[in-house]
There are 2 protein chains.
Amino acid sequence: MSQPKQQTHSFSALLAGFASELTFAAVPAAVIDRAQDLFVDWVGSALAGKGGRPVEIIANFCRSMGPADGPCEILIERRGTSALFAAMVNGAASHYVEQDDVHSGSVLHPGAVVFPAALAISQEIGSSGHDFLTACVAGYEVGIRVGEYLGRSHYKVFHTTGTAGTIAAAAATGRLLKLSPDQMLDAFGSAGTQAAGLWEFLRDAADSKPLHVAKAAGSGLTSAYLAKSGFTGAKRILEGPQGMAKGMSTDANPDKLVDGLGSRWALAETSFKIHASCRHTHPAADALLKAMRENDLSAGDIAEVTALVHQGAIDVLSAVVSPANVHQAKFSMGTTLGLIAVYGQAGLSEFEHGFRNQEVAEFQQCVRMALDAEVDQAYPVRWIGKVRLRTRDGRIIEVRVDAPRGDPVNALSRSEIEDKFRRLAAFSQATDTSETNTLLSRLWQVDRARQVSLLIPRNPSRRRSPNGPKPQA
Amino acid sequence: MSQPKQQTHSFSALLAGFASELTFAAVPAAVIDRAQDLFVDWVGSALAGKGGRPVEIIANFCRSMGPADGPCEILIERRGTSALFAAMVNGAASHYVEQDDVHSGSVLHPGAVVFPAALAISQEIGSSGHDFLTACVAGYEVGIRVGEYLGRSHYKVFHTTGTAGTIAAAAATGRLLKLSPDQMLDAFGSAGTQAAGLWEFLRDAADSKPLHVAKAAGSGLTSAYLAKSGFTGAKRILEGPQGMAKGMSTDANPDKLVDGLGSRWALAETSFKIHASCRHTHPAADALLKAMRENDLSAGDIAEVTALVHQGAIDVLSAVVSPANVHQAKFSMGTTLGLIAVYGQAGLSEFEHGFRNQEVAEFQQCVRMALDAEVDQAYPVRWIGKVRLRTRDGRIIEVRVDAPRGDPVNALSRSEIEDKFRRLAAFSQATDTSETNTLLSRLWQVDRARQVSLLIPRNPSRRRSPNGPKPQA
């Protein structure tokens, strides 16, 4: 039954109204700063995806279907295109090497869906830096709440970044297009009815993950554009009797949709990733690092490792037994802990060159996961790290970390964000040192931009082939 | 766990292999003929969408994001574009006025998702008419089985045409791109992980339906292109523990996926729509027509109508109480039966001009739906029509039809298909009489085409503005 008057009070409508009406002045300065940090980190993640085989396939498809040029920058190529394809390619690129940000409570990768859509629109319509950052905050606030709303049951089957992420991208794009509250609600309706992404791909080490993000960013952007032109959507796509929660969740909690709107800035709860692996491995990885340092252990001293984890880790990582490639290895608790043990870190290079190392493989064999009541109880708001080791000389050592590195309580400084950025750019050779310096300088000043413009310097003498250097695995 | 060898025997793999390896010679001539009939009918449906407000919004978006020109024809405009956007716009156009084909058992609109994707690719790569029709058969066979597999529980919340339709489009496109069985399985994996579409939009008379089809056709086509380039997908996206059935159904039956592959030609079970309304209204509409003819009744003689229906009708149509616009009226049992009673038919013009007619509105008030055990038991394989009338002079009349008009047992002749086509083209003024004649002639000969080429004559002196005539409601 159509009841338009009553639905202006629905949770979907409240969330849409918040996104539509968010002003730069209403966002605390510290949150704006954090948004800028996350933006810098996201650009680094996007650069790191250059040359990745699945990323390049998506990029080639977009090139063949799109215009020859356009105002929206493809960060891994030296050309522009229309907003839809820039969002798709940049999104895909940023969600390939497993270095993009993650929000623990919603199990969402907000940056990978919000920034590509927002950047594309901003470059197309010439948004100010203030509008750009405000819109990105709106995207994070919406996406995180939708992810928390859809809950743990959703995440068992669906890739929340692909589903909730579609609405996050619609919110950010919609704010930049200055949608009214009603139009923003229409954008949510269109986005939610395109929301998709299933975890089944991971069992087969298939390429779908960057595709999920490309589609979420692209579909969210599409939804906002359509709404601007008067295209209507369901008014209760999230909570309605034939909506997202009904179709894709069994524990959706509507209070989460509007939790602390305007006072709780969920963006500031977002974590930076250090280890180049699925975030579910990070708490145990950090606990293992601590255990080895505190007890002066090397990999060879350890006979057995039990990672004491939350259910989400089991849901996602159990599918991976023997990683078939680098990407799937990033979803292996055993491989991640093996790299930590053998190399002291599990970064891009360690995964690239070390995931099949003999010693790493042997270490992987002695790793198992077990559900831990305390860790699971705290999940997903807190991701406690715990490991139990049995050493070869018979000691049992149990170590705990309250929060993995990169969580807000254990945050990265701007200098550490820059170091990570440079490693990512160098890894894929997307930009050389000089370009990286210029780019970083522009990124740190985006808040002051009168109009967000091209980020990467286009020096014709430095033009690279669109296909970049050697492809990664 | 990754088990590539065993999964070559999965139902998903068998279905993908069937689609990949289908040859023209293997398809009975009568099925090829029916495919051609459905193609003609689909083109008519696409033309009828010209000028529809939501269709034009999607078309404008695609124009702004796509290349200035391309080899793939947009049937409602006089220009070409890339395959992705041609598929999206033609798909959307064909699923707006509720005249496109429907397969009863799967509750799927196969034509609206298969033909736009297949036509676009065929025009891009210059496929033969034989390949085009074979690929469309593959699309129908796959899509219908996936729809039947996902079942009634899926359809309660999800729009099967948007979800299963994505895989149908991938199958047709993949066959034209000559994907190997493994590549076709990858295409299914990519398609299934993008499958989306929720019924919630209908409660608010929102515009989403053509968007669902645009996305299904576009995402299916995308999946096939990606697979051709080596992009991998889940090998059991349909039946796996984190796949479509797990996420979006509670009564999925795997046997349906491979039911009679190669012997049962589900395409030939597809129905043509006569009344310009949701197919769930058609059985009752035909029963009412029969009742009124047999008993020489006019609208004013009838005091009350009970449409004795299956559950699917209640699931979809109950949401509409007081139709807000023409499109929503097509999902109103009461309005549809009112038009039948007052005008003797419920076609495009009757809906456009009569849905708010006083007499129709009064008739609508006396219509109710009730679940009928016999009708529901036969559903969805058979859609039995039953109505019970109470006349003003106190008679109770119950009438039944075994199958609504347009079902294979009650099929349209080629002459009737042409008549319908002309009505659709004239309704939107997409083509004038001369163009319609040329177009029909080309369509009826597509099986003989060496290369599928442009369908609508491009006479520069007849060039219309891309925005067509006055927009519909």
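Because the structure is predicted, anything quoted here is derived from the model rather than measured.
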Indicate, with yes or no, if the rings of F231(A) and F201(B) have centres closer together than 6.0 Å. no

Whether F85(A) and F85(B) hold their rings parallel, tilted or perpendicular, with breakpoints at 30° and 60°: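 Plane angle over 60°, so perpendicular.
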
Go through M248(A) and F158(B) one step at a time and tell me if the side-chain contact (heavy atoms from CB on, under 4.5 Å) criterion holds. CA-CA 10 Å; M248(A) 301 191 268; F158(B) 291 90; 3.8 Å; yes

Could you check whether any side-chain N or O of D207(A) sits under 3.5 Å from a backbone N or O of T232(B), counting only pairs where one atom can act as donor and the other as acceptor? yes

To the nearest 0.5 angstrom, please state how far the [atom1] atom of [X] sits from the [atom2] atom of [Y].
X: S223(A); Y: L211(B); atom1: OG; atom2: CG; answer: 6.5 Å
X: M65(B); Y: M88(A); atom1: CE; atom2: CE; answer: 12.0 Å
X: I237(A); Y: R203(B); atom1: CD1; atom2: CZ; answer: 11.0 Å
X: Q242(A); Y: Y155(B); atom1: CD; atom2: OH; answer: 9.5 Å
X: T222(A); Y: F61(B); atom1: OG1; atom2: CZ; answer: 3.5 Å
X: E56(A); Y: S229(B); atom1: CD; atom2: OG; answer: 11.5 Å

Output the option from S82(A), C72(A), S64(A) having the highest count of non-hydrogen pairs under 4.5 Å with chain B. S82(A)

Quick one: of S190(A), S208(A), G162(A), G70(A), who has the most non-hydrogen atom pairs under 4.5 Å with chain B? S208(A)

Heavy-atom contact with chain A under 4.5 Å, split by part of K156(B):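 The backbone, not the side chain.
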
Tell me, side chain or backbone of T81(B) under 4.5 Å from chain A's heavy atoms, or both, or neither? neither

Please report the shortest heavy-atom distance between [X] and [Y], naming the atom on each side.
X: G233(B); Y: A206(A); result: C-CB, 3.3 Å
X: D204(B); Y: K235(A); result: OD2-N, 2.9 Å
X: P67(A); Y: G66(B); result: CB-O, 3.9 Å
X: A196(A); Y: A195(B); result: CB-O, 3.6 Å

If you count heavy-atom pairs within less than 4.5 Å of chain A, which of D186(B), D315(B), L84(B) leads?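 Counting heavy-atom pairs under 4.5 Å, the top option is L84(B).
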
Flag the one option from A68(B), G230(B), G189(B) with the top tally of heavy-atom pairs under 4.5 Å to chain A. G230(B)

Which atoms of T163(A) are under 4.5 Å from chain B, going by heavy atoms: the side chain, the backbone, both sets, or neither? neither

Sort L202(A) into side chain, backbone, both or neither according to what part of it lies under 4.5 angstrom from a heavy atom of chain B.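 Nothing of L202(A), per the 4.5 Å heavy-atom cut-off to chain B.
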
Above 12 or not: heavy atoms from other molecules or residues under 6.0 Å from NZ of K246(A)?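 At most 12 heavy atoms, drawn from other residues, nucleotides or ligands, come within 6.0 Å of this atom.
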
Take E200(A) and T193(B) through the side-chain contact (heavy atoms from CB on, under 4.5 Å) test and state the conclusion after the steps. CA-CA 8 Å; E200(A) 183 65 21; T193(B) 210; over 6 Å; no

